[in-house]
Amino acid sequence: MELIQNTADLSAYLAADEVIDHHHPLVRETAVRLAKGAVDSYAYARAAFEFVRDTIPHSQDSGDLRVTWRASDVLERRTGICYAKAHALAALLRAEGIPTAFCYQKFDEVHGLVAVRFNGAWHRQDPRGNKPGVDAQFSLDGERLAFTPDPEFDELDYPVLYAEPHPVVLSVLKGAPDRPHLWKTLPGAL
């Protein structure tokens with residue numbers, strides 16, 4: 001699948017905003033801590049990915065009812081669904097100058113992940129969190145995502161790489177008072 005940037009301006013994939021608040025002190029502090037142990041940007045990207053995947057539980061898996069959407073809130077509260085965890089990872093990567101996009105897959109609901117840009121190419125990564133039957137890994141040599149869409153069931157990979165979280169996704173996250181409500185309003189398509 002050919003991944004398509006929704007904007008040609010690569011600097012858009014480094015930007016901070018209300019959601020990807022990589023200027024926030026907690027995001028900066030976390031990025032600095034992760035960067036100390038990294039020998040290069042690849043090692044940093046892997047460390048940031050593993051940090052989000054492994055230390056911030058997916059709220060559905062953990063039973064946490066809180067809904068997070070802002071990157072700094074995900075890091076502070078240590079919870080989030082796939083979209084929120086993607087926001088946190090994007091903020092950590094952008095904080096260290098690594099272009100990061102948002103991308104999506106369609107299953108029963110839309111699933112969120114990120115793509116990182118290294119050596120002139122985009123590489124999708126899924127920080128959702130592992131559990132039995134899910135084994136997502138950081139990889140620049142072929143995708144190791146949490147899920148693989150099955151076209152027979154009308155599942156698919158959306159090819160668009162967004163510089164900002166999709167507005168439908170963000171609206172649903174912001175409008176949900178808790179995870180049970182969120183589960184009823186998750187988008188089925190983009």
Side-chain angles (χ1 to χ4, degrees), residues 1-7 12-13 15-22 49 52-53 56-94 99-117 122-131 133-136 143-190:
M1 173 183 66
E2 181 181 344
L3 299 173
I4 304 161
Q5 292 178 211
N6 78 323
T7 179
Y13 297 94
D17 59 24
E18 175 189 29
V19 181
I20 312 308
D21 57 343
H22 63 73
F49 170 84
V52 172
R53 182 195 65 193
I56 300 171
H58 188 286
S59 58
Q60 175 70 18
D61 296 348
S62 68
D64 196 318
L65 299 180
R66 296 173 295 168
V67 175
T68 53
W69 54 268
R70 182 179 288 117
S72 59
D73 291 340
V74 175
L75 295 176
E76 179 183 346
R77 295 179 184 161
R78 296 276 198 221
T79 191
I81 66 166
C82 60
Y83 310 128
K85 291 182 69 160
H87 299 169
L89 179 56
L92 290 171
L93 294 170
R94 289 181 180 189
T100 307
F102 300 97
C103 43
Y104 302 92
Q105 297 174 307
K106 179 190 176 295
F107 298 98
D108 288 337
E109 291 90 23
V110 174
H111 175 63
L113 49 154
V114 302
V116 296
R117 189 162 177 89
W122 289 100
H123 307 273
R124 294 189 308 162
Q125 311 295 327
D126 191 344
R128 181 228 178 270
N130 290 340
K131 63 180 186 173
V134 175
D135 184 29
E143 294 184 336
R144 300 276 311 274
L145 305 177
F147 309 109
T148 303
D150 185 342
E152 190 174 308
F153 294 102
D154 198 29
E155 299 173 348
L156 61 94
D157 286 308
Y158 289 107
V160 178
L161 301 174
Y162 296 91
E164 300 171 346
H166 195 283
V168 169
V169 167
L170 196 53
S171 174
V172 167
L173 286 171
K174 285 181 169 183
D178 57 30
R179 192 176 37 78
H181 181 271
L182 176 65
W183 243 237
K184 295 175 190 170
T185 60
L186 287 173
L190 295 179

Counterpart residues, side chain to side chain donor-acceptor pair (under 3.5 Å), relative to D157 (two or more places apart): Q105, R124
Residues at least two apart in sequence or cross-chain that pass side chain to side chain donor-acceptor pair (under 3.5 Å) with D178, listed by chain then number, are none
Under a 4.0 Å N-O cut-off, is there an ion pair linking D154 with K106? yes
Got a salt bridge between D64 and R179, using NZ or NE/NH1/NH2 to carboxylate O under 4.0 Å? no
Whether the side chain of [X] engages the backbone of [Y] through a donor-acceptor N/O pair (distance < 3.5 Å, no angle test) should be reported.
X    : Y    : result
E155 : D150 : yes
R128 : A146 : no
D21  : A91  : no

Counting only heavy atoms not in D135, do more than 12 sit closer than 6.0 Å to its CG atom? yes
Is there a side-chain contact between Y13 and T7, using heavy atoms and a 4.5 Å cut-off? yes
Once you round to the nearest 0.5 Å, how far does OG of S72 lie from NE2 of H87? 12.0 Å
Side-chain donor-acceptor pair present, Q5, W122, cut-off under 3.5 Å: yes
Could you tell me how the ring of Y83 sits relative to the ring of Y104: parallel (under 30°), tilted (30 to 60°) or perpendicular (over 60°)? tilted
